[in-house]
S.K.: 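Structure in structure tokens, see below.
Throughout, a chain's letter reflects where its sequence line sits, starting with A, and its residues are numbered from 1.
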There are 2 protein chains.
Amino acid sequence: MSKKALTVADVAKLSGVTIRALHHYDEIGLLSPTRGSGGYRRYSEADVLRLQQILIYRALGLPLQRIKAVMDDPDFDVVAALQEQRTQLEARAAETSRMLESLDRALTRLRGNTALDLSALFDGFDPALYEEEAEQRWGSTAAYAESKRRTSQYTRETWARINAEADAIGERVAKAIEAGVSPTSEAGKALAEAKRLHVDRYYYPCGRRMFQEVASLYTDDPRFRQNLDRFGAGAAAFLRRAAAANARDSP
Amino acid sequence: MSKKALTVADVAKLSGVTIRALHHYDEIGLLSPTRGSGGYRRYSEADVLRLQQILIYRALGLPLQRIKAVMDDPDFDVVAALQEQRTQLEARAAETSRMLESLDRALTRLRGNTALDLSALFDGFDPALYEEEAEQRWGSTAAYAESKRRTSQYTRETWARINAEADAIGERVAKAIEAGVSPTSEAGKALAEAKRLHVDRYYYPCGRRMFQEVASLYTDDPRFRQNLDRFGAGAAAFLRRAAAANARDSP
DNA sequence: ACTTGACCCTCACGCGGCGTGAGGCCGCAC
DNA sequence: GTGCGGCCTCACGCCGCGTGAGGGTCAAGT
């Protein structure tokens with residue numbers, strides 16, 4: 001009658017799961033068929049029936065242990081289990097879409113810039129990936145918006161010029177340090193002013209007092225500092241002090 | 001100057017990752033700081049810088065090995081890696097939303113029916129979870145729509161009556177089998193007709209020929225068969241043959 | 001100089017759901 | 001009896017750490 005027992009391979013083909021998965025379900029006690037003489041697993045129709053149920057729950061993403069509990073413990077609240085699973089899935093969905101958004105933004109920026117010098121914007125380090133952070137920190141400021149507006153229109157040649165100019169300033173700073181120039185001296189303040197004008201012209205309007213704020217990042221943010229200190233050790237610190245002195249001269 | 005080295009705990013607080021994660025990144029060669037005299041890890045600013053990058057990529061869901069490749073191999077195509085990641089994420093998003101939809105449908109059905117006898121619909125087995133499948137197989141048929149319309153209005157008492165009636169038919173079938181009645185006999189056909197009228201009245205319009213089709217499921221689908229065979233072995237098969245004979249009498 | 005307590009280190013297992021062999025027994029056809 | 005296909009049981013691998021266990025190191029206080 002209904003005594004035809006199936007082998008693992010039969011059930012596997014029938015249900016679409018792999019043999020290994022059936023072994024696994026047996027191991028964890030989720031689906032344990034009887035055994036034949038040679039130790040072969042023999043799946044009854046009740047087993048196949050149970051497997052169907054298991055697969056339905058699995059398709060909803062329930063952990064196997066939960067499936068086991070739901071099916072074996074009649075006191076277990078199925079609805080509660082599914083609701084909990086819903087919460088989990090919603091969290092996963094939110095997480096995934098967040099990643100996708102970030103990723104798309106990063107891709108847009110990278111694709112827009114791959115032809116350019118990637119270490120161009122914002123004093124040198126590759127902005128495409130950090131822009132996410134910049135957006136969060138500065139996104140609401142007028143300076144950031146203006147900077148974005150201007151830089152979006154620069155051509156490759158323009159970028160090359162801007163970078164060359166920034167490099168030139170960096171090297172002048174390095175030489176000043178070697179020569180023992182004080183950042184608070186007139187020569188030091190002149191360097192800070194040069195840097196400030198550079199930012200003011202190419203990125204966003206930046207007065208002396210504002211530049212003092214910005215220059216504090218030169219030492220406090222390791223990425224700015226590393227970028228500046230490649231011209232010479234202490235360049236970032238020099239500029240910061242010079243910017244502060246320069247700001248005190250401001251009317 | 002910039003020689004202040006940080007401990008694991010410092011970096012952990014600073015970056016928000018756990019100490020264990022930093023250990024892990026060291027283990028897999030993703031971020032390997034220098035070591036102090038006592039074997040302590042000493043993170044330089046370059047290390048912190050690198051960690052920042054790592055975390056940016058990690059926030060996009062990239063596997064650590066990929067991050068390592070992207071950062072250490074300058075020939076590695078970052079854009080391609082991100083695009084691949086995008087594909088993966090989209091697949092995950094689709095998968096998750098699919099699960100959510102199925103789950104919501106299951107929850108709706110379960111919540112609507114928990115007060116009722118869950119083994120009521122469609123000859124006995126809990127439909128709330130199988131309905132997904134039923135929807136796919138028969139969702140487009142008029143019979144399914146009609147069945148859904150009718151059953152949605154049944155009260156608990158109605159269900160009890162319907163089930164009692166179905167059980168009575170099942171038991172009559174079992175007794176007929178024990179008594180040696182042939183399914184193709186008049187008595188057999190009468191039983192098939194009783195079952196058909198039951199379906200026709202409570203679920204959907206079902207003529208004799210249509211019922212023959214339906215009854216083929218009684219033996220072919222293990223869930224139908226199990227439900228019927230609980231009255232007695234062979235009940236499903238009996239009904240199928242009887243339904244076929246009954247259909248041949250149809251004008 | 002010694003103790004204390006806070007920090008650091010290295011194993012090493014665990015999770016979830018199997019994939020992927022390795023090495024060997026079983027059953028049926030010839 | 002002998003092949004060959006199918007079945008079995010270990011057992012490790014994956015991914016990104018969490019979570020101890022067991023023991024060294026460092027700086028401060030006594």
S.K.: Which nucleotide sits closest to the side chain of B/S37: D/dC26, C/dG17, D/dG16?
M.R.: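 Output: D/dC26.
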S.K.: Identify whether any heavy atom of A/R58 sits under 4.0 Å from a base atom; if not, whether one sits that close to sugar-phosphate; answer base, sugar-phosphate or nothing.
M.R.: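 Sugar-phosphate contact only.
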S.K.: Report which part of the nucleic acid B/I28 touches: base, sugar-phosphate, or nothing (heavy-atom distance under 4.0 Å, all strands).
M.R.: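 B/I28: no heavy atom of the nucleic acid under 4.0 Å.
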S.K.: With a cut-off of less than 4.0 Å, is there a side-chain N or O of A/H23 near OP1 or OP2 of D/dC8?
M.R.: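 Answer yes for this pair, as a side-chain N or O of A/H23 is under 4.0 Å from OP1 or OP2.
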S.K.: Quick one: A/R42 CZ to D/dC8 P, roughly how many Å, whole number?
M.R.: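 These atoms are roughly 12 Å apart.
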S.K.: Got a donor-acceptor contact below 3.5 angstrom from the A/D10 side chain to the A/T7 backbone?
M.R.: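 Side chain of A/D10 to backbone of A/T7, a donor-acceptor pair under 3.5 Å: yes, one is there.
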S.K.: Just compare D/dC8, C/dC8, D/dG16 and give me whichever is closest to any side-chain atom of B/P63.
M.R.: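 My answer, after comparing the listed nucleotides, is D/dG16.
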S.K.: Indicate yes or no: does A/R50 engage A/D72 in a salt bridge with an N to O separation below 4.0 Å.
M.R.: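 A salt bridge is present here (some side-chain N lies under 4.0 Å from a carboxylate O).
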S.K.: Just the rounded figure in Å: distance from P of D/dC17 to CD1 of B/I54.
M.R.: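 After rounding, the gap between these two atoms is 11 Å.
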S.K.: Atom CZ of B/R20 to atom C1' of C/dC9: distance rounded to whole Å?
M.R.: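 So the CZ-C1' distance, B/R20 to C/dC9, works out to 12 Å.
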S.K.: Whole angstroms only, please: what is the CG-P distance between B/L6 and D/dC26?
M.R.: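 Roughly 17 Å, once rounded to whole Å.
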S.K.: Answer with yes or no whether B/Y40 presents, from its side chain, a donor or acceptor under 3.5 Å of a partner atom in the base of D/dG24.
M.R.: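 Per atom types, the contact qualifies.
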S.K.: Using whole Å, what does the distance between atom P of nucleotide C/dG17 and atom CG of A/L60 come to?
M.R.: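 Computing the A/L60:CG to C/dG17:P distance gives 14 Å.
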S.K.: Let's see if you can work this out: which of D/dC8, C/dC8, D/dC17 has an atom nearest to the side-chain heavy atoms of B/A21?
M.R.: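 From the listed options, D/dC17 comes nearest.
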S.K.: To the nearest angstrom, how far is A/L22 atom CG from D/dC7 atom P?
M.R.: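 Computing the A/L22:CG to D/dC7:P distance gives 11 Å.
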S.K.: Just how far, in rounded Å, is C1' of C/dC9 from NE2 of B/H24?
M.R.: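 Atom-to-atom, B/H24 to C/dC9, this comes out as 18 Å.
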S.K.: Looking at B/E101 and B/R98, is any side-chain nitrogen of the basic one under 4.0 Å from a carboxylate oxygen of the acidic one?
M.R.: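 No, no charged N to carboxylate O under 4.0 Å.
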S.K.: Just to be sure I understand the rule, does A/R35 reach a base, reach only the sugar-phosphate, or reach nothing, if contact means heavy atoms closer than 4.0 Å?
M.R.: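 It contacts sugar-phosphate atoms only.
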S.K.: With nearest nucleotide decided by heavy atoms, which residue, A/I19 or A/G38, maps closer to the 5′ end of DNA chain C?
M.R.: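 Looking at the nearest nucleotide for each, A/I19 comes out on the 5' side.
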S.K.: Using OP1 and OP2 only, check whether a side-chain N or O of B/R41 sits under 4.0 Å from C/dT10.
M.R.: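 Affirmative; the distance criterion is met.
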S.K.: Check this for me: B/R41, atom CZ, are more than 12 non-hydrogen atoms of other residues, nucleotides or ligands nearer than 6.0 Å?
M.R.: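 Correct, the count exceeds 12.
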S.K.: Just compare D/dC17, D/dC8, C/dC8 and give me whichever is closest to any side-chain atom of B/T18.
M.R.: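 Per side-chain heavy atoms of B/T18, the pick is D/dC17.
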S.K.: When the distance from CD of B/E27 to C1' of C/dT10 is rounded to whole Å, what number comes out?
M.R.: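 Rounded to the whole Å, the gap is 9 Å.
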S.K.: Roughly how far apart are A/L31 CG and A/I67 CD1, rounded to 0.5 Å?
M.R.: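 So the gap between those two atoms works out to 11.0 Å.
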